[in-house]
Amino acid sequence: MSRLEKRNRVIWQQIAAIPRGKVASYGQIAELAGIPRGARMVGRALGKAPASLQLPWFRVLNARGRISIPGSSPYYQRQIDLLRAEGIAVNDGSVDMQRHRWAPSLDELMWGPGAWSEETDETEEQ
DNA sequence: CGTGTGACTGACC
DNA sequence: AGGTCAGCCACAC
């Protein structure tokens, strides 16, 4: 298991942990995954995530609450629809982050997916 | 091995 | 409300 694959797993776990009706930014997911300034890696990890994981990919927006998928992509409108289906208002491709940003509780930070990833990094097996 | 690119970000215009 | 720019780092070429 390469270091990269491990990182992707942690990223996927964090994305999976975003509650219904809430959103997170790429940078936020990166930090939760223990990868400061790793926003771009979150985007890549998301792109190569197995469909079988059923990740709530649509709950991930850029730091300004904007949808990062090009408007030309069919997934753009799909993302808007999925967000609205959860009661999140989307105007002109952007979401009010102040209102919908996921703020993990201390408990989630301590015991949620990816917590202690630094420590378990070397010993984690699967 | 060098270079360009991007489902990113924050700082500055 | 817009655009540019330097970091960022895995990846494709």
Side-chain angles (χ1 to χ4, degrees):
Chain A
M1 175 63 56
S2 77
R3 202 161 60 92
L4 251 48
E5 289 171 294
K6 283 184 185 176
R7 280 211 290 233
N8 282 343
R9 284 200 196 181
V10 181
I11 290 172
W12 293 335
Q13 290 178 85
Q14 291 300 338
I15 293 171
I18 306 173
R20 185 182 165 76
K22 292 290 178 183
V23 297
S25 75
Y26 292 88
Q28 182 183 353
I29 294 298
E31 283 209 12
L32 290 172
I35 314 167
R37 297 177 299 285
R40 305 197 87 125
M41 302 208 290
V42 171
R44 249 176 280 112
L46 206 42
K48 60 192 289 193
S52 60
L53 289 182
Q54 306 263 81
L55 291 183
W57 57 272
F58 55 92
R59 302 206 265 247
V60 184
L61 307 167
N62 75 18
R64 299 179 199 170
R66 197 125 185 107
I67 288 178
S68 287
I69 300 176
S72 55
S73 165
Y75 289 99
Y76 181 84
Q77 188 57 45
R78 176 91 179 119
Q79 180 161 19
I80 292 177
D81 293 341
L82 288 168
L83 287 171
R84 285 183 175 155
E86 298 196 339
I88 298 173
V90 186
N91 299 321
D92 197 25
S94 74
V95 164
D96 183 348
M97 287 300 267
Q98 288 277 35
R99 198 156 80 107
H100 299 290
R101 156 110 52 196
W102 172 43
S105 67
L106 186 55
D107 226 40
E108 286 171 308
L109 288 176
M110 289 292 285
W111 310 112
W116 307 106
S117 59
E118 295 293 295
E119 288 77 1
T120 57
D121 200 16
E122 304 304 320
T123 56
E124 190 175 20
E125 292 298 336
Q126 185 53 267

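For the numbers below, each heavy atom of this structure counts, side chains included, while hydrogens, waters and symmetry mates do not. Chain A is the first sequence line, chain B the second, and so forth, proteins listed ahead of strands; every chain is numbered from 1.
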* Tell me which nucleotide among dC11(C), dG10(B), dT9(B) gets nearest to the side chain of Arg64(A). => dG10(B)
* **Single-linkage hydrophobic cluster Trp102(A)~Leu109(A), side-chain heavy atoms < 4.5 angstrom** => yes
* To do: Starting from P on dC8(B), measure out to CG on Asn62(A) and report it in whole angstrom.
  => 7 Å
* Round to a whole Å and report the spacing from CD of Glu5(A) to P of dC11(C). => 10 Å
* Asked: OP1 or OP2 of dC11(C) less than 4.0 angstrom from a side-chain nitrogen or oxygen of Lys48(A), does that happen here?
  -> yes
* Shortest non-hydrogen contact from Ile69(A) to Tyr76(A)? -> O-CD1, 3.3 Å
* Please evaluate the base of dC9(C) for a donor-acceptor partner in the side chain of Arg44(A) within a cut-off of under 3.5 Å? => yes
* Of all the nucleotides listed (dC11(C), dT9(B), dC9(C)), which has the minimum atom distance to the side chain of Met41(A)? -> dC9(C)
* Interatomic distance, Arg59(A) CZ vs dA7(B) P [rounded to whole Å] -> 22 Å
* Structure fact -> For dG7(C), the nucleotide meeting Watson-Crick or G-U wobble distances (both under 3.5 Å) is dC8(B)
* Asked: Rounding to a whole Å, what distance do you find between Leu4(A):CG and dC11(C):C1'?
  -> 10 Å
* Using the rule that two of Ile, Leu, Val, Met, Phe, Trp, Tyr join whenever any of their side-chain heavy atoms come within less than 4.5 Å, decide whether Leu53(A) and Tyr75(A) are in one cluster. => yes
* With heavy atoms under 4.0 Å as the rule, sort Arg7(A) into base, sugar-phosphate or nothing. => sugar-phosphate
* Separation of Gln14(A) atom CD from dA7(B) atom P, in whole Å? -> 23 Å
* Take the protein atom CD1 of Ile29(A) and the nucleotide atom P of dA7(B), then report the distance between them rounded to whole Å. => 18 Å
* Asked: With a non-hydrogen cut-off below 4.0 angstrom, is Ser73(A) in contact with a base, only sugar-phosphate, or nothing?
  -> nothing
* Between dG7(C), dA7(B), dT9(B), spot the one nearest the side chain of Arg40(A), thanks. => dG7(C)
* Asked: Is the distance from OP1 or OP2 of dT9(B) to the nearest side-chain N or O of Ser25(A) less than 4.0 Å?
  -> yes
* Asked: Atom CD of Glu31(A) and atom C1' of dC8(C): how far apart are they, to the nearest Å?
  -> 14 Å
* Asked: Atom CZ of Arg66(A) to atom P of dG10(B): distance rounded to whole Å?
  -> 16 Å
* Should Glu86(A) and Lys22(A) count as an ion pair when the cut-off is N to O under 4.0 Å? -> no
* Structure fact -> Exactly one candidate in Asn91(A), Ile67(A), Val95(A), Ile88(A) meets side chain to side chain contact (heavy atoms under 4.5 Å, CB included) with Ile80(A); the answer is Ile67(A)
